[in-house]
There are 2 protein chains.
Amino acid sequence: MQAPFGQDSFFFPPELSGQGVSWAGSGLLLPRGFRAAAAEAGLRGKRLDCALLVSDEPAESAGVFTRNLVKAAPVLLCLRRVGKFPFRALVVNSGVANACTGSEGLEAAERVAARIASLLACEPEQVLVASTGVIGQPLPVEKIERVLPQLWDSLGRERGLDFARAIMTTDTRPKEAAVWVELSGGAVAIGGVAKGAGMIHPQLATMLAFLTTDARVPARDLQTFLGEAVEPTFNSITVDGDSSTNDTVLLLANGASGVALQTDEDRRRFRAGLLAVCTSLARQIVADGEGATKRVIIRIDGAADPHQAQQVGKCIAQSLLVKTAIAGGDANWGRIVSAAGASGVVFDPERICLSLDGVTVFRMGRPVEVPPETENRIFAGPTVLIELWLGQGSASWTVYTCDLTEEYVRINAHYRS
Amino acid sequence: MQAPFGQDSFFFPPELSGQGVSWAGSGLLLPRGFRAAAAEAGLRGKRLDCALLVSDEPAESAGVFTRNLVKAAPVLLCLRRVGKFPFRALVVNSGVANACTGSEGLEAAERVAARIASLLACEPEQVLVASTGVIGQPLPVEKIERVLPQLWDSLGRERGLDFARAIMTTDTRPKEAAVWVELSGGAVAIGGVAKGAGMIHPQLATMLAFLTTDARVPARDLQTFLGEAVEPTFNSITVDGDSSTNDTVLLLANGASGVALQTDEDRRRFRAGLLAVCTSLARQIVADGEGATKRVIIRIDGAADPHQAQQVGKCIAQSLLVKTAIAGGDANWGRIVSAAGASGVVFDPERICLSLDGVTVFRMGRPVEVPPETENRIFAGPTVLIELWLGQGSASWTVYTCDLTEEYVRINAHYRS
């Protein structure tokens, strides 16, 4: 297992800090009043696979979940509780998704939550659960229950990175990010962890991500802020176009800083901080896509509206032919133009321009001759930039993905064995 | 390069013959009045890469083309001519797609057509062209012109298989099929060749397919019959979800048999014969998908309407996680249920049933325990059958695809080099 992503500007973009927002370093920060722990429950060999997050005081909660019709039991449980009951704790396991497990699966999820509620002396409805792993296997509740006391005893503010490690499946690195936000009443923190790797797709609140803040945010604002932040981040990444039964993004605000959002500038800064954390986590997910060797930024400009730009960007990001060409370091721009043309968005092919890693290869419907030595530099680095101008308007959108390698196939051909 | 697909019942399904329709063997049959030839033009090393099809008498024509907004020059040329001018000849090249080549590309396509027209002493509008290969490179017209006299001199009814070989790119086998249809006025033939391998996707008239018949069919019927036949065949297959700039299906009817469709039964038989040829070619395409080791039949039943069944089937067929699991011989049914749930079609997950290779693994929202020895047999053979019952109605649809292997990535990472 590799260390967390360092201070790479792809993951901690400088433009997202400043103006009252600053990156809090790469060590995971748990905001005041939150504590975490992780343990080996034996769900997937000898590794951290079970994690607990506790808020010392009741917290507001907001969530965005998979739009898959087939929702895992923990998602169904969260949908009933998020935003409706004051949050106290979250239990997450990897190895078993607890999806397609019928009413028994829901009972299992409720049982895990109830055990934590009794330790915390709170209502069961104040506990949330999340799972990730193989679909269709029953949740081994006894194994999880066995480690709950150990989790409970080892809770600490410095255990966030262990938490991030425990929710990993095929991820090679834990994913975490945190910012400080200066508000008029003082500084607040926003932290987050995520897991991704496969089954990552836009048009969904993709993968698992858990965000925490010690700011005091009214419940009605929390869901709005989360929805806003998810669209250009977790909803604008794709690894393989597959959408999970378990995708969950939670945002928890416990107010432990005592600092509220008092002014419009406070609200602006808080949203900027939340966007920064979500952007970092989303980019960490694509960079650690299953088998990925390159991270890909697809910037669509000149669209009639942002939705169309997003649609074109996603279509390019999902093209296996584009993704395999990038894996091979082949600047096969025809595949990119073709993918854009198949997006369903109407544009004039005679007006579009395409640049790859800053080199214009296609302009106004015609190829641009590129010297071989320049072409050889395209797609050679670890970060690939695709910029497509549609010539229809002034809207833009950015989508993130990774390349598709033989390693992706190897991982997924034998995931259960 | 391998031999054509033999008499395997996957490619020549017995249920599609009978009732006046019989398979015409695996050697390609060119109906009366059609002649073909193939040559090495040097577009892609030393191999057949340029082909000519001629109808001795003017023929009716129908076509279905890519819905990609970015259409290659030969597609634009065909769109102007098909069904509007009596057909005399078709020139096809592999190696260069003549797509994204601007007005020069269209001029190049027109020039090739004009040269054939002068040999045939017909109007240029009576000649169609098709191309397949790398996008964005100029069509080497001189190389094609250089072999046109040779093509012209070697035209013959027995050259259909060479024609099928010349249009291949990453295909490992030529694809051809033919039937005899007994009509009230006598027997007519329907033949066809196709190329596929990559950039194969539903919701499009996928890949290149050229169908010929010596039946006498009115122009207004020809397009109707072709549209009907394309939907459950070429529009119900997928290899990689990518859609091409060059996809073309042409149906040419020269009436050389002197036999017309006189009765409703004649029309029924002719349509059955056309469906048989298209089915065979479509299945040959997925079986020869880039890097494919298994062919996959996805049968959706119990849908509210056929369109919804098709949508669910396509979503499963496009899931990389499903396709890689099949490659690994892993009966990971959770991925199939999840892909169905992400299709956008509404059904009750508690009512669905799923069988894999005849073994029920999921029933009414719950896993079915399967003995390990039975589970090991699932996905072990060369043809994989996925049957999903949605519990919503009585409509059904069948989609065909192949598995996704590391070889697919290898082929596409370095396609141009």
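Being a predicted model, the structure only gives us computed values, none of them experimental. Every chain is numbered from 1, with letters handed out A, B, ... down the list of sequences.
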K.L.:
Should the heavy atoms of other residues, nucleotides or ligands under 6.0 Å from CD of B/Glu373 be counted, would the total exceed 12?
P.N.:
yes
K.L.:
How close do A/Trp333 and B/Gly136 get, counting heavy atoms only, and between which atoms?
P.N.:
CH2-CA, 3.4 Å
K.L.:
Need one label for B/Phe347: side chain, backbone, both or neither, based on atoms under 4.5 Å from any heavy atom in chain A.
P.N.:
both
K.L.:
With only heavy atoms counted, which part of A/Val345 is less than 4.5 Å from chain B, the side chain, the backbone, both or neither?
P.N.:
backbone
K.L.:
Might you work through the side-chain contact (heavy atoms from CB on, under 4.5 Å) test for A/Val337 and B/Ile135, ending with a clear yes or no?
P.N.:
CA-CA 9 Å; A/Val337 172; B/Ile135 300 174; 5.9 Å; no
K.L.:
Of the non-hydrogen atoms in B/Val409 and A/Leu404, which two are nearest, and what is the gap between them?
P.N.:
CG1-O, 3.4 Å
K.L.:
Apply side-chain hydrogen bond (donor to acceptor under 3.5 Å, both in side chains) to B/Arg366 and list each qualifying residue two or more places apart in sequence or on a separate chain.
P.N.:
A/Ser103, A/Glu104
K.L.:
Which heavy-atom pair separates A/Pro367 from B/Cys100 by the least distance, and what is that distance?
P.N.:
CD-O, 3.3 Å
K.L.:
Kindly give the heavy-atom pair with the smallest separation between B/Pro349 and A/Leu69, and that separation in Å.
P.N.:
CG-O, 3.7 Å
